[in-house]
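Below you'll find the structure, written out as structure tokens, and then a few comments.
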Amino acid sequence: MIAVDARDAGGDLRLVEASWALPGRETPFDPYLRGTFASVDTDSIKAVPITDRLDAAQSAFGKAGLDGADPVAVYDRVGLFSSPWIWWLLRSFGCDARLVEGWGDTTLEPPLAAPTTFVPSRDPGDYNATRDQVLAALCSHIQILDARPAARFTGTAPEPRRECRSGHIPGSLNIPFPNLKDRRAFKTADQLSQLFEDAEVDLGKPIITTCGSGVTASGLAFALTRCGAEDVRVYQGSWAEWGVDADLPVETGP
């Protein structure tokens with residue numbers, strides 16, 4: 001099981017809040033879910049260079065009070081946006097993590113878990129691709145799926161990061177993140193499988209997901225996992241890393 005309804009997220013599962021929003025968001029975050037055990041400082045993970053992101057995530061999990069041994073259920077107060085990213089990172093380290101779908105009783109009181117040491121039980125590199133691995137994948141059978149909006153993928157809309165070129169990684173397919181879910185729940189496995197079939201994605205072959213900076217790429221990875229895909233990695237650097245490197249190839253158009 002990789003997901004849990006918000007109404008069933010208590011019990012043996014420690015409820016973890018993991019909210020992050022795009023810069024410039026003016027809408028306030030929703031309240032916390034009642035019973036939340038810990039809150040992950042997602043900004044601290046985003047603040048470091050891409051090459052240090054996995055180390056920053058491990059540190060942030062420990063500071064939040066997570067030890068890596070207890071099963072957790074992850075949600076965000078934005079509307080199922082950043083929680084799949086933290087779910088994927090926790091899962092990458094071997095933590096038994098579920099994604100919370102839906103919504104339940106709320107509170108304004110923030111969680112106060114004491115900091116501890118987060119101990120991984122596996123190598124997160126097995127679940128997250130580097131720039132060099134993505135580059136090598138261009139000449140292989142590995143599929144690359146991009147979760148950005150279609151206009152950014154084709155290069156007809158400018159990138160929010162002005163330093164980034166427009167377009168996409170050559171040979172990649174576009175699966176926009178909003179198509180995968182409603183506000184607080186991903187579509188069913190049958191619905192998602194049909195979406196991937198229509199996009200000519202082979203769930204039995206290796207897949208690397210990408211987006212603007214790794215967040216919605218993790219949501220795409222969740223959707224693929226829900227459909228039974230087993231060989232999935234997230235490119236944490238995504239377009240924020242690829243788009244600024246003039247030595248890396250870029251395509252525009254569909």
Side-chain angles (χ1 to χ4, degrees), residues 2 49-51 53-54 81-82 84-85 87-89 91-92 123-161 163-181 186-187 189 191-254:
I2 61 172
I50 292 297
T51 52
R53 177 172 290 183
L54 296 179
F81 175 64
S82 57
W85 173 50
W87 168 82
W88 184 264
L89 287 170
R91 186 170 181 264
S92 299
D123 182 358
D126 293 340
Y127 282 70
N128 298 280
T130 65
R131 175 184 56 191
D132 290 343
Q133 290 170 334
V134 175
L135 185 60
L138 302 188
C139 302
S140 74
H141 65 296
I142 298 174
Q143 304 162 100
I144 301 174
L145 308 185
D146 192 323
R148 290 178 299 158
R152 288 174 59 191
F153 179 84
T154 60
T156 56
E159 284 295 308
R161 300 171 181 83
E163 67 275 16
C164 286
R165 296 168 292 170
S166 295
H168 57 266
I169 297 170
S172 57
L173 299 174
N174 188 211
I175 312 286
F177 178 66
N179 296 354
L180 305 174
K181 67 183 187 74
F186 279 86
K187 294 178 179 177
Q191 292 171 321
L192 291 169
S193 293
Q194 186 61 58
L195 185 154
F196 292 132
E197 181 179 337
D198 292 344
E200 299 184 349
V201 175
D202 188 339
L203 297 176
K205 292 183 178 179
I207 297 170
I208 295 174
T209 64
T210 183
C211 60
S213 62
V215 174
T216 57
S218 301
L220 180 50
F222 173 87
L224 290 162
T225 304
R226 169 164 277 181
C227 294
E230 296 181 352
D231 192 346
V232 180
R233 287 178 291 165
V234 171
Y235 176 26
Q236 290 290 335
S238 286
W239 202 248
E241 180 177 57
W242 192 279
V244 299
D245 191 337
D247 292 330
L248 296 175
V250 168
E251 282 185 347
T252 56

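The figures that follow rest on heavy atoms only: side chains count, while hydrogens, waters and symmetry mates do not. Treat the numbers as computed from the prediction; the structure is a model and nothing was measured.
The backbone N or O of W242 lies less than 3.5 Å from a partner atom in the side chain of R165, making a donor-acceptor pair. For the pair D231 (side chain) and K205 (backbone), a donor-acceptor distance under 3.5 Å is absent. In this structure, S172 contributes its side chain and I144 its backbone to no donor-acceptor pair below 3.5 Å. No donor-acceptor distance shorter than 3.5 angstrom exists from the side chain of R233 to the backbone of I208, with no hydrogens or angles considered. Of the possible donor and acceptor atoms, one in the side chain of S238 sits under 3.5 Å from a partner among the backbone N and O of C211. In terms of modelled atom types and a separation under 3.5 Å, the side chain of K187 and the main chain of N179 share a donor-acceptor contact.
Heavy-atom contacts from other residues, nucleotides or ligands closer than 6.0 Å to CD of E163 number more than 12.
Annotation: side chain of Y127 is not in contact with side chain of Q236 (no heavy-atom distance under 4.5 Å). Looking only at side-chain heavy atoms (C-beta outward), V215 and F177 stay at 4.5 Å or farther from each other. Inter-residue side-chain proximity for P160 and R152 is flagged as met; some heavy-atom pair is nearer than 4.5 Å. Inter-residue side-chain proximity for F196 and L173 is flagged as unmet; no heavy-atom pair is nearer than 4.5 Å. By the 4.5 Å heavy-atom criterion applied to side chains, I169 and W239 are counted as neighbours. Contact of the L220 side chain with the P84 side chain is not registered, since no non-hydrogen atoms from C-beta on lie closer than 4.5 Å. Contact annotation: the side chain of R91 approaches that of T225 to within less than 4.5 Å [non-hydrogen atoms, C-beta and beyond]. In this structure, T216 and R148 have side chains that are not in contact, with every pair of non-hydrogen atoms separated by 4.5 Å or more.
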task = Could you check D202 against H141 for side chain to side chain contact (heavy atoms under 4.5 Å, CB included), going step by step and ending with a plain yes or no?
result = CA-CA 10 Å; D202 188 339; H141 65 296; over 6 Å; no

task = Show your working on side chain to side chain contact (heavy atoms under 4.5 Å, CB included) between W87 and I2 and close with a plain yes or no.
result = CA-CA 9 Å; W87 168 82; I2 61 172; 3.9 Å; yes

inquiry  = Test side chain to side chain contact (heavy atoms under 4.5 Å, CB included) on T209 and F222; report intermediate values, then the result.
reply    = CA-CA 10 Å; T209 64; F222 173 87; over 6 Å; no

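Taken from CG in L195 to SG in C227, the straight-line distance is 8.5 Å, to the nearest 0.5 Å. In this structure, the separation between CD1 on I50 and OH on Y235 is 8.0 Å, given to the nearest 0.5 Å. In this structure, CG in D245 is found 5.5 Å from CZ in R131, a value given to the nearest 0.5 Å.
Put simply, the residue from R161, R53, E241 that forms a side chain to side chain donor-acceptor pair (under 3.5 Å) with S213 is R161.
When all heavy atoms of S166 and P158 are compared, the closest pair comes out as OG-CA, 4.3 Å. In plain terms, the two heavy atoms of V234 and G214 that are nearest each other are CG1-O, 4.1 Å. Summarising the geometry of V134 relative to A129, their closest heavy-atom pair is CG2-CB, 4.1 Å, with the distance given to 0.1 Å. Scanning all heavy atoms of the two residues, the minimum distance from T252 to H168 falls at C-CE1, 4.0 Å. A pairwise comparison of heavy atoms in A240 and C164 identifies CA-SG, 4.1 Å as the closest pair. Nearest approach of G125 to L54, heavy atoms of both residues: N-CD1, 4.5 Å.
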